[in-house]
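Below: one structure, written as structure tokens.
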Number of protein chains: 2
Amino acid sequence: MTKRTDIGADLTKNQSLVMSALAGSKGPMSAYSILDEIRSDGVRAPLQVYRALDKLVEFGLVHRLESLNAFVACQHPACDGRKEKTVLFTICETCGGVQELVKDRLSKAIEGLARELEFSPSKSTIELRGMCSACKTATEN
Amino acid sequence: MTKRTDIGADLTKNQSLVMSALAGSKGPMSAYSILDEIRSDGVRAPLQVYRALDKLVEFGLVHRLESLNAFVACQHPACDGRKEKTVLFTICETCGGVQELVKDRLSKAIEGLARELEFSPSKSTIELRGMCSACKTATEN
DNA sequence: ATGGCACATGTTATATCGTAACACAAACAC
DNA sequence: GTGTTTGTGTTACGATATAACATGTGCCAT
Ligand SMILES: [Zn+2]
Ligand SMILES: [Zn+2]
Ligand SMILES: [Zn+2]
Ligand SMILES: [Zn+2]
């Protein structure tokens, strides 16, 4: 009961439930809001959700947004699996929308910096908070 | 009792206490560990610490590390005041050391990306977790 | 087959991080 | 003085995350 090479395939029961909740959500979800969604499926305790999230993050199917204490389903085809890439998130504080990006120039800049500092990153967090283009045009009414 | 144009000058009592605790610490501190440090000075409740931290962050004297839920005194002369620059933190998971950097290449990459996406950032969070050079050489014994 | 192992699960209790709501005091503007 | 802003103090609570312990389930080496 494990393989996971296909997106969403062969997850355990709790992992599937958490994944579905996230995949069905427009924006990021907190662990507790995920729990509320899947209580009806028999999940009762926060720990069950956190454990599933840990695995999903490890698999690269879910990302944690540190500045929100929340989680999103991976939107980026290039994350495919646990390959460590430098991912950036934009988070619109008006509509709550999150966009996930991998940009070569940015990755290069980070890698170069790490080399220069002789710092070995195991994980990078890059989050931009602000206003997305859609909300901006909506405000200019 | 406010001016703050000089580092650390003219902070309120609670702000000074929090600032001193942070300045005297080698690494980042959680709000509650700051509270423990300054209980002896008459600060009793978390809210007093959080309020002081909010102001200190606003002044640019303190930064919040989102991936740690903790705070550090600003190490970077160029942060001088509340000027919004793109700051990056390296966080060593072995020794707990934090380094704060402002790098032009990185700032440019972020700015370019934001322009390209028509995203208007109000705040950026860039944190690299990993192992610092000192801990690496210490491990290669 | 059976005992051992790895891994997922279930459950209770607790730790840690952060804020709402209300009251009061000091500084300042007019 | 009176109103306004800003900092403060206190209680209570909400939100996020983990410790500790017990159970179940598939796998597989002996
Ligand atoms: Zn992704
Ligand atoms: Zn938006
Ligand atoms: Zn700084
Ligand atoms: Zn180190």
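In what follows, chains are A, B, ... by sequence order, proteins preceding strands, each numbered from 1.
- Of the candidates C:dT11, D:dT10, D:dT16, the closest approach to any side-chain atom of B:Gln48 belongs to D:dT10.
- Listed candidates were C:dT11, D:dT11, C:dA20. Nearest to the side chain of B:Leu47 is C:dA20.
- Candidate nucleotides D:dG7, D:dT10, C:dC17 were compared by shortest atom distance to the side chain of B:Lys55, and D:dG7 ranks first.
- In this pair, B:Tyr32 does not lay its aromatic ring on the base of C:dT16; centres under 5.5 Å and planes under 30 degrees do not both hold.
- Aromatic pair A:Phe71/A:His63: ring centres not closer than 6.0 Å.
- Counting non-hydrogen atoms under 4.0 angstrom, A:Ala31 reaches nothing in the nucleic acid.
- Listed candidates were D:dA17, D:dA19, C:dT19. Nearest to the side chain of A:Phe71 is D:dA17.
- Judged by distance alone, with hydrogens and angles left aside, B:Arg51 brings a side-chain donor or acceptor within reach of the base of D:dG9, the pair sitting under 3.5 Å.
- In terms of position along DNA chain D, the nucleotide closest to B:Val43 lies nearer the 5' end than the nucleotide closest to the other residue of the pair B:Pro46 and B:Val43.
- Closest to the side chain of B:Asn14, from the set C:dT12, D:dG9, D:dA17, is D:dG9.
- Considering only side-chain atoms of A:Thr12, the nucleotide from D:dG7, C:dG18, C:dA8 that sits closest is C:dA8.
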- Item | salt bridge (charged side-chain N to carboxylate O under 4.0 Å, His left out) between B:Glu93 and A:Lys123, intermediate numbers included | CA-CA 10 Å; B:Glu93 291 175 319; A:Lys123 167 160 197 255; over 6 Å; no
- How far apart are the C-alpha atoms of A:Leu11 and A:Leu61, what are their side-chain angles, what is the distance that settles it, and do they pass the side chain to side chain contact (heavy atoms under 4.5 Å, CB included) test? CA-CA 11 Å; A:Leu11 299 173; A:Leu61 296 173; 4.1 Å; yes
